[in-house]
Amino acid sequence: MEIAAEEGEEWRLWRQADVLDAWGDSSEKQAVITQTCDLVNTTLPKLQLAPVVSADGHVAAMAREGNTPHLIHLPALGVDYFTNLNEVQ
């Protein structure tokens, strides 16, 4: 996703792994997966976002242990929340 100049400069405060509210009518959240250095050292970065998802049971345990590479644990949100790298935008 490219950030347009008219969108302001709020994005300059974002950092890798920050969780944002999704745009539009969606109640979903998205995690910033762009490296922080690429956000702060650019005039208009190409921002990469991935949806925040919940998982439980065996799937969550496997992801927390790093055995499910596309699900990255977001411990600040709780034990069952991950970002899904299979759906990067």
Residues forming a side-chain hydrogen bond (donor to acceptor under 3.5 Å, both in side chains) with Asn67, sequence neighbours excluded: Glu65
For Glu87, side-chain hydrogen bond (donor to acceptor under 3.5 Å, both in side chains) partners two or more places apart: Asn84
With Leu74 via side chain to side chain contact (heavy atoms under 4.5 Å, CB included) - residues at least two apart: Val19, Ala31, Val52, Leu77, Thr83
Shortest non-hydrogen separation from Ala55 to Ala60 and the atoms involved: O-CB, 3.6 Å
Heavy-atom pair with the smallest gap, counting every atom of Trp14 and Leu39: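 Heavy atoms only, the tightest pair is O-CD1, 3.3 Å.
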Set of salt bridge (Lys or Arg N to Asp or Glu O under 4.0 Å) partners for Asp80, sequence neighbours left out: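 Asp80 satisfies salt bridge (Lys or Arg N to Asp or Glu O under 4.0 Å) with Arg64 only.
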Whether Thr34 side chain and Leu47 backbone form a donor-acceptor pair below 3.5 Å: no
Backbone N/O of Gln35 and side chain of Asp38: donor-acceptor pair under 3.5 Å: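 Judged by distance alone, no pair lies under 3.5 Å.
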Apart from Leu13 itself, residues in the same hydrophobic cluster as defined by side-chain heavy atoms under 4.5 Å: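 Besides Leu13, the hydrophobic cluster comprises nothing; the residue is isolated.
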Members besides Leu85 in its Ile/Leu/Val/Met/Phe/Trp/Tyr cluster (side-chain heavy atoms under 4.5 Å):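 Result for Leu85 is Ile33, Ile72, Val88.
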Contact list for residues 54-83, test ring-ring contact (aromatic ring centres under 6.0 Å, His included), sequence neighbours left out: His73-Phe82
Leu20 side chain near Lys29 side chain, heavy-atom distance below 4.5 Å: no
